[in-house]
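First comes the structure, then the notes that go with it.
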Amino acid sequence: MSSLITENDLDSVLKNFEKKLDIYTEDEKSEIMRAALWAVNQHKGQKRASGEPYIIHPISVAETLINLKMDVPTVVGGLLHDVIEDTAITEEEFTQLFGKEITTLVNGVTKINILNVQSKTMQESETIRKMFLAMVKDIRVILIKLADKKHNMSTLHFLKPEKQKRIAKECLDIYAPLAGKLGIYGLKSELEDASLKYIDKDAYYEIKNFISDKKRKRQQFLAKIEQNIHDAAREQGIEVDVKSRAKHFYSIYSKMQNKEKELGDIYDLLGVRILCNTTLECYNILGLVHSMWSPIAGRFKDYIAMPKENNYQSLHTTVMGEKGKTFEVQIRTHKMNQTAEFGIAAHWLYKEGKKESHIKPSDLAVINKLKTWNDVNIDSVEYINTVIGDLLQDSIYVYTPNGKIIELPQGATALDFAYHIHSEIGDRCVGAKANNKIIPLTKPLENNQIVSIMTSETAHPHVNWLKHVKTARAKSKIRNWLNHHHESVTADKSVIVKESPVKKVKEEHFESYEDERISIEHQEVTNSDNNSIVIGDENNIMVSFANCCHPVIGDKIIGFVSRGRGVIVHRKDCPNLAGINEFKEREIPIAWEAETLNTVRKCRITAKRAAGIFSEIEGSLKKYKAHLISGVLDENDRGMLEGNFTIELANGDDFKNILKSIRTIPSISVVQEVK
């Protein structure tokens, strides 16, 4: 919208909204408009950060759902999704007016309000977890949330910079990938581009200007390609619809990051999509394309014969045109394109006022994965980290010997593959083959491999498998087996207590020990996904991590057994150890079970007080695909924030560049490596 809308414009806004309801019956239009007018009244006097009437937001959300051709309850849910949260109406009153179905949809996207919450991060994580739980029961919940996120991202420029970055990062980590997993690729691209604008503003405008400068030449180049395709298809008697465009900004940005190239060195910035009527025509057109332009080796994917888990089907190939310019070609039928555009939403599409049969949540791979995690007893922050790391990160696609395509997160091993097929296959796994060659069970799989698993009736899981599996399902199944079949092992969440031959310490000689040191102005972020340790011969005991030295992966650690808190894990260089009575008698050897396969480095940071400092530091790490394991900032006697950060990175040589990038953050005063 070019200019801000005022209260005086609402009549016009509602009339324009009503005009977009042509796909619905008259009764359905009346139901939607009744909800719209009621929402206007409920949100009366409320303003957005832009200064516009608040009702503009739910109307925009509903319009996105209408464009997705969603059913009436979903559209009404979009119009009313903020009413219970932001107005005086009670849930009981709402249910009486609109029924249980719409109440359930609205509740699924309503934020949790926890009065005694430990942190804002915990509250946000609880809200997202609640939304995923609702999504498992009704997929329409997440469609409303994605529509909500789309409009919020379009108005992000009205918020403060630190809030912009936080919201954009959340969108890029969770909502954009989720749209992709649901097959709604158009919405995924919109969310990614909107996020990039705030995650890396310089890169966003560099790409935008580059694409804009080349627009005329690009249009001429693509127009010629389109004409050649039309002519060749007409000769074969095939009717096609050809569309071409520059790739989305974030897609280009990802290529720059993954290939470590400058913008001018990225050539396949263009995409051509060819739509036809039948599957056979798709393959005939593929032959025509390859006869006109040379295909690039290794860049052909057949998602028609082997669809993705979200039912996406298409042929993808990259070819070289005139003057060495490469471009990607996607070939699919009109029906396949409908699934690609609308994804899961296609199951609610309206045709002449009648909706197609709904899909069952259990039919979706993404829902079944979420169900697996919902059965695992972990806190909400760890749950969200698991969702991001397992379901929403970049995927690889491998195949069973029967040709079924399996989607796994990058870094997944043959063990993950085995447990994905069935828990019994995983438990009895003894070996694996990829493309008919034996591979280690612990080696990360690669795209397009055909994987087979060898089993034995006498085989069983091992504790050290936990450091080699990537997916939550595999971790959960291995822990479950260990707890039920291995008397000397206790597996709880991410901590492993394993029997080893050390002297048993008698608990009755122990005195209670409590670490009560609390830092002032203490900020902390910790990722505990891999906090698994091996301990002595104690069994069924608690494990806790000391608050004074905050041990993380990569630290040399020591433990002692206390009454009431089980084994407390400290860093070996923790200064508090000297003050613990009878420490030598209580000490117990421990080690990290899930040693990271990447490099771990530490640095010490001194900074001025500033909002969003952790987001800026994480932004610097993301440029080099590094991961913040933990970070602590305490106020020193000079009023500055100071503390240690532990960073995991795939390439140790990137560490100097990471430190250099952190130094460019305005609030950072000093950054130095800690050996």
### Message
Could you go through S195 and Y175, starting from their C-alpha distance and side-chain angles, then the distance that decides it, and tell me whether this counts as side-chain contact (heavy atoms from CB on, under 4.5 Å)?
### Response
CA-CA 10 Å; S195 300; Y175 295 104; over 6 Å; no
### Query
Between K188 and E192, is the closest basic N to carboxylate O distance under 4.0 Å?
yes
### Message
Applying side-chain contact (heavy atoms from CB on, under 4.5 Å) to L445 and D416, what does each step give before you reach the verdict?
### Response
CA-CA 10 Å; L445 298 174; D416 291 292; over 6 Å; no
### Task
Report yes if the side chains of V469 and I478 come closer than 4.5 Å at any heavy-atom pair, otherwise no.
yes
### Query
Do the non-hydrogen side-chain atoms of Y397 and N447 ever get within less than 4.5 Å of each other?
yes
### Message
Measuring from atom OG of S423 to atom CH2 of W481, what distance do you get when rounded to the nearest 0.5 angstrom?
### Response
13.0 Å
#### Entry: For T104, side-chain hydrogen bond (donor to acceptor under 3.5 Å, both in side chains) partners two or more places apart
none
### Query
Is it true that a side-chain atom of S456 and a backbone atom of V430 form a donor plus acceptor pair closer than 3.5 Å?
no
### Nearest-0.5 Å distance that lies between atom CG in L415 and atom CH2 in W465
5.5 Å
### Query
Do the rings of Y312 and Y303 sit parallel, tilted or perpendicular, given the 30° and 60° boundaries?
perpendicular
### Min side-chain heavy-atom separation L182-L146 under 4.5 Å
yes
#### Entry: pair L172-Y250: side-chain heavy atoms closer than 4.5 Å
yes
### Summary
When rounded to the nearest 0.5 Å, the distance separating NE2 of H420 from NZ of K477 is 13.0 Å
### Query
Does Y419 reach the side chain of T471, with side-chain heavy atoms less than 4.5 Å apart?
no
### Closest heavy-atom pair and its distance - E446, V398
O-CG1, 3.3 Å
### Verdict with reasoning, L441 to T413, per side-chain contact (heavy atoms from CB on, under 4.5 Å)
CA-CA 6 Å; L441 286 173; T413 64; over 6 Å; no
### Task
Dump the intermediate steps for side-chain contact (heavy atoms from CB on, under 4.5 Å) on M336 and T279, then the final yes or no.
CA-CA 9 Å; M336 292 173 190; T279 299; 3.6 Å; yes
### Any side-chain heavy-atom pair of T455 and I425 under 4.5 Å
yes
#### Entry: Any donor-acceptor pair under 3.5 Å from N435 side chain to I450 backbone
yes
### Message
Do R332 and I304 have side chains that approach each other closer than 4.5 Å (heavy atoms only, starting at C-beta)?
### Response
no
### Message
A side-chain contact here means heavy atoms from C-beta on lying under 4.5 Å apart; do T400 and F417 qualify?
### Response
yes
